[in-house]
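Residue numbers start from 1 in every chain, and the chains themselves are labelled A, B, ... in the order their sequence lines are given, proteins ahead of strands.
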Number of protein chains: 2
Amino acid sequence: MVLSNYSTEDKVLLAVDCIIFGFDKEELKILLVQRDFEPEKGKWSLIGGFLTKEENLDQSAIRILHHLTGLNNIYMEQVYSFSKVDRDPAERTISVAYYALIDIATHDEELIKQNPIQWFSLKEAPKLIFDHDMMVEKAIARLRRRALSKPIGFELLPEKFTMRQLQKLYEAILDTKLDKRNFINKFNSFDILIKLDEKDMSSSKKGAYLFQFDQEKYNRKVEDGFNFKI
Amino acid sequence: MVLSNYSTEDKVLLAVDCIIFGFDKEELKILLVQRDFEPEKGKWSLIGGFLTKEENLDQSAIRILHHLTGLNNIYMEQVYSFSKVDRDPAERTISVAYYALIDIATHDEELIKQNPIQWFSLKEAPKLIFDHDMMVEKAIARLRRRALSKPIGFELLPEKFTMRQLQKLYEAILDTKLDKRNFINKFNSFDILIKLDEKDMSSSKKGAYLFQFDQEKYNRKVEDGFNFKI
DNA sequence: ATCTATTAGTGTTAAAATTACACATATTTT
DNA sequence: AAAATATGTGTAATTTTAACACTAATAGAT
């Protein structure tokens, strides 16, 4: 009987790096950490860690995110695996990138300041270590594609939000200006919003109606997908 | 100075498994190999191998594909990384799936029969080992998305092909019937085909005009993308 | 009290894209 | 000569997308 001889194969470290996207009513941001160990100590980096023997990649991403931020129940999705031979000069490491989506306002308090982590506007983020800038780029592309093919917002907006906030989220993700009326018409055609009687008074004298997602219809649209053409 | 202490982290085997799609004028197929070692000896499997220390994942996928099929210069794309803890009962192994596209007719002779490899129609493929069926599923979804957002065909069709063959390719990938006239109108609007004076006489008495891709325009469309709405 | 400034909210029309749909042509076989 | 088979071609109806401008509400300034 021929047995597999896995024992002669090279083993590698498998890292998980998280591109954590947040939205704060205006801007799309990412959460970065200042590295406190060599190599590249003091430089900004994605939040990351290593896969352990007892967990799969999804679990690892959840654990790493939780460990460095205290956050739980966060939407995450695998993006791509990065494997350039010398991407980490310390040791051969392959890294699997995950992106996460969170509403900054809702989770601000949980983000304990004990860790040297900080939100950066996407456009003003510092240069990152290794190939982390490539990871961010790929994650943005993925996020963008997602926003065009499925509803997005549940993870990035507070429970109640105005139409303008929703539009600004889409504008931030797609990096483009959208027409107010066309956006509303389009989004309403998806039939996943519930208009509330409350108004948000923080942004104007007139006040703006608040909306919620209809969870069930939202989920159905996530399943079925749609075509949001900008 | 705090040094990273990578040495305590778990290392794992990193496999690369290839979903090799082929097209033979009628059907979409995948190339499978019969495993000749334990575990799961004798069962059908994707073509795979292990990442080595000297190569990145893309290179590894190319090497593995070449080693088992003799094929060179094949379009490949990373799909997803699979990491269930016990996915390979022999040893903890994470696998990165790649899909490849090849034109069966052009490459048939290169596919040396020394290896126990065989084409299967997608619909009639046997159950595969481990999580390989999931990999195939994910690769099909990716291929489908690709076909809707960029031209496809250069990799899967012979140099010269008929409109009907191109349509059949799209129908196979999208798993749906398309209207002949609408398909032609749509595809012509992309302006990436060159109509030749030659006819293919193999499929009808009347003969069907052969087409070629305009390589330059095709590549530009791959870059820019399009929206093929079925 | 009036004016000003600011953001919210709302519909229509033109243009473009998509869909549905049917018959004549060329040729080989019978 | 007729039958069979796959090719090749265009238009009209429908749907979707894109462009576009004014009124409403209200707080703050004068």
Once you round it to whole Å, what is the distance between C1' of D:dG8 and CZ of B:F211? 10 Å
Is the A:F154-A:Y75 ring centre distance short of 6.0 angstrom? no
Considering only C:dA22, D:dA21, C:dG11, which nucleotide approaches the side chain of A:N182 most closely? C:dG11
Hey, which sits more toward the 5' end of DNA chain D by its nearest nucleotide, B:D179 or A:D179? B:D179
Just how far, in rounded Å, is P of C:dC21 from NZ of B:K177? 17 Å
Whole angstroms only, please: what is the CE-C1' distance between B:M201 and D:dT7? 11 Å
Centroid-centroid distance, B:Y170 to B:F187, less than 6.0 Å: yes
Calculate the interatomic distance between B:D200 atom CG and D:dA6 atom P; express it in whole Å. 13 Å
For B:F183 and D:dT9, give me the distance from atom CZ to atom C1', rounded to whole Å. 16 Å
Could you pick out which residue, A:G207 or A:N185, lies toward the 5' side of DNA chain C when each is mapped onto its nearest nucleotide? A:G207
Ring-ring centroid check A:F161 A:F213, cutoff 6.0 Å: yes
Side chain of A:S204, heavy atoms from C-beta onward: which of C:dA8, D:dA6, D:dA19 has the nearest atom to it? C:dA8
For the side chain of A:R181 and the base of D:dA21, is some donor closer than 3.5 Å to an acceptor across the two? yes
Between atom CG in B:L178 and atom P in C:dA20, what is the gap in whole Å? 11 Å
By the 4.0 Å heavy-atom rule, please label B:K186 as base, sugar-phosphate, or nothing. sugar-phosphate
Is there, by distance only and without an angle test, a donor paired with an acceptor across the side chain of A:K206 and the base of C:dA8 below 3.5 Å? yes
I need the NZ-P distance between B:K180 and D:dT5, as an integer number of Å. 15 Å
Within less than 4.0 Å of OP1 or OP2 of C:dA8, is there a side-chain N or O belonging to A:S203? yes
Output field: ring centroids B:F130/B:F82 closer than 6.0 Å: no
Atom NZ of A:K229 and atom P of C:dT18 are separated, to the nearest Å, by 5 Å
So does B:K195 get a side-chain nitrogen or oxygen closer than 4.0 Å to the phosphate oxygens (OP1/OP2) of D:dT9? yes
Side chain to side chain contact (heavy atoms under 4.5 Å, CB included) with A:Y99: which of A:M76, A:Q78, A:R146? A:R146
What I want to check is whether an N or O donor and acceptor connect the side chain of A:K205 with the base of D:dG28 at under 3.5 Å. no
Given C:dT18, D:dC20, D:dT9, which nucleotide is nearest the side-chain atoms of B:I184? D:dT9
